[in-house]
Amino acid sequence: GAGVSQTPSNKVTEKGKYVELRCDPISGHTALYWYRQSLGQGPEFLIYFQGTGAADDSGLPNDRFFAVRPEGSVSTLKIQRTERGDSAVYLCASSYRDTQYFGPGTRLTVL
Amino acid sequence: RKEVEQDPGPFNVPEGATVAFNCTYSNSASQSFFWYRQDCRKEPKLLMSVYSSGNEDGRFTAQLNRASQYISLLIRDSKLSDSATYLCVVKVGTDKIIFGKGTRLHILP
């Protein structure tokens, strides 16, 4: 079956703009995670969904970041008023029995 | 103290050699442990879970030491294709997943 997909694969935006990053998890996986990875670092936890609800959003860096998963499947990570420091690869993973299955990521560049 | 700590490396190891890395974790309530592999510009993929009794998968052996709060990964007879970043992953509570920064491994021909 299909794996986790993320769109777009690359996003270049200007400082101050709004962006949306989409994640389509593996069908049937109820748990979905968002991470941010900068060069030379491991994935940094942002938020975790169990079904439609955010079970843990303690990793979101500030209130410019928000994520939704309205129907318990596709999730969207939304970043308002982007800053250059937001530039990173944003990874999504869905989880089954403790194994995380990652998407290819969205590379966000804020100019 | 960081929640999950790893030596970033790089470890430069000749092909055929044995290499081992450790990872320490700070939260004694951590319940599950994993090693993930990440190739350059690719997403992480599960290499193996780490059980209390230790586990082996071919050339790879993982061990957990709860008393000292560390896990280890041993790679025997290393191959060029083992070159990657190895991420230590700890699950705290029911669902919080924490990644280490990774250890870079270069296998030299």
Side-chain angles (χ1 to χ4, degrees), chain A residues 2-7 9-10 21 23-26 29-60 69 75 87-109, chain B residues 2-11 21-27 29-52 55 57 62 64 71 73 84-106:
Chain A
V4 177
S5 62
Q6 291 186 245
T7 54
S9 54
N10 279 284
L21 312 179
C23 172
D24 207 330
I26 293 171
H29 285 192
T30 57
L32 184 148
Y33 294 77
W34 281 100
Y35 297 88
R36 177 169 71 174
Q37 188 172 26
S38 301
L39 194 64
Q41 304 293 314
E44 174 195 7
F45 169 80
L46 297 177
I47 186 170
Y48 152 66
F49 287 89
Q50 183 61 257
T52 60
D56 185 341
D57 64 358
S58 61
L60 294 177
R69 195 185 185 199
S75 177
S87 296
V89 175
Y90 289 80
L91 291 163
C92 172
S94 65
S95 180
Y96 178 71
R97 288 189 179 177
D98 273 354
T99 298
Q100 303 242 300
Y101 298 86
F102 282 85
T106 294
R107 184 173 299 275
L108 176 65
T109 303
Chain B
K2 290 193 166 78
E3 292 191 81
V4 178
E5 292 202 66
Q6 296 182 249
D7 181 342
F11 285 57
F21 343 113
N22 284 344
C23 160
T24 58
Y25 61 94
S26 61
N27 191 330
S30 301
Q31 297 184 348
S32 305
F33 309 88
F34 312 88
W35 284 102
Y36 276 71
R37 171 192 169 128
Q38 187 171 27
D39 293 294
C40 189
R41 291 186 170 260
K42 298 285 188 183
E43 70 274 20
K45 291 187 177 173
L46 178 67
L47 177 66
M48 59 198 307
S49 302
V50 188
Y51 304 121
S52 296
N55 51 305
D57 183 2
L64 167 64
I71 69 174
L73 178 67
T85 295
Y86 290 84
L87 298 161
C88 172
V89 181
V90 172
K91 185 175 182 181
V92 181
T94 51
D95 292 296
K96 185 165 184 178
I97 308 282
I98 301 171
F99 281 75
K101 290 187 176 184
T103 296
R104 285 182 295 145
L105 174 65
H106 296 154

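What you see is a predicted model; the values in this text were computed from it and never measured. Chain letters run A, B, ... following the sequence lines, proteins first, then strands; residues in each count from 1.
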Engaged part of A:Ser58 at the chain B interface, taking heavy atoms whose separation is under 4.5 Å: side chain
Would you mind telling me which of B:Lys96, B:Lys45, B:Glu43, B:Lys91 has the largest number of heavy-atom pairs within less than 4.5 Å of chain A? B:Glu43
Compare all side-chain heavy atoms of A:Gln50 with those of A:Thr30 and state whether any distance is below 4.5 angstrom. yes
Region of A:Glu44 that comes under 4.5 Å of a non-hydrogen atom in chain B: neither
Quick one: does A:Pro43's side chain get under 4.5 Å of B:Pro44's, heavy atoms only? yes
Side chain / backbone / both / neither for A:Asp98 at chain B, heavy atoms under 4.5 Å: both
The interface call for B:Gln6 against chain A, heavy-atom contacts under 4.5 Å, is neither
Atom group of A:Tyr101 that falls short of 4.5 Å from chain B, counting heavy atoms: neither
Most contact-rich option vs chain A, by heavy-atom pairs under 4.5 angstrom, among B:Ile98, B:Val4, B:Ile97, is B:Ile97
A:Tyr35 and ring-ring contact (aromatic ring centres under 6.0 Å, His included): which single residue from A:Phe102, A:Tyr90, A:Tyr48 fits? A:Phe102
Contact check, side chains of B:Tyr36 and B:Leu46, non-hydrogen atoms, under 4.5 Å: yes
Do A:Ser87 and A:Leu108 come within less than 4.5 Å of each other through their side chains, counting heavy atoms only? no
Option passing ring-ring contact (aromatic ring centres under 6.0 Å, His included) with B:Tyr86 (candidates B:Phe99, B:Phe21, B:Phe34): B:Phe21
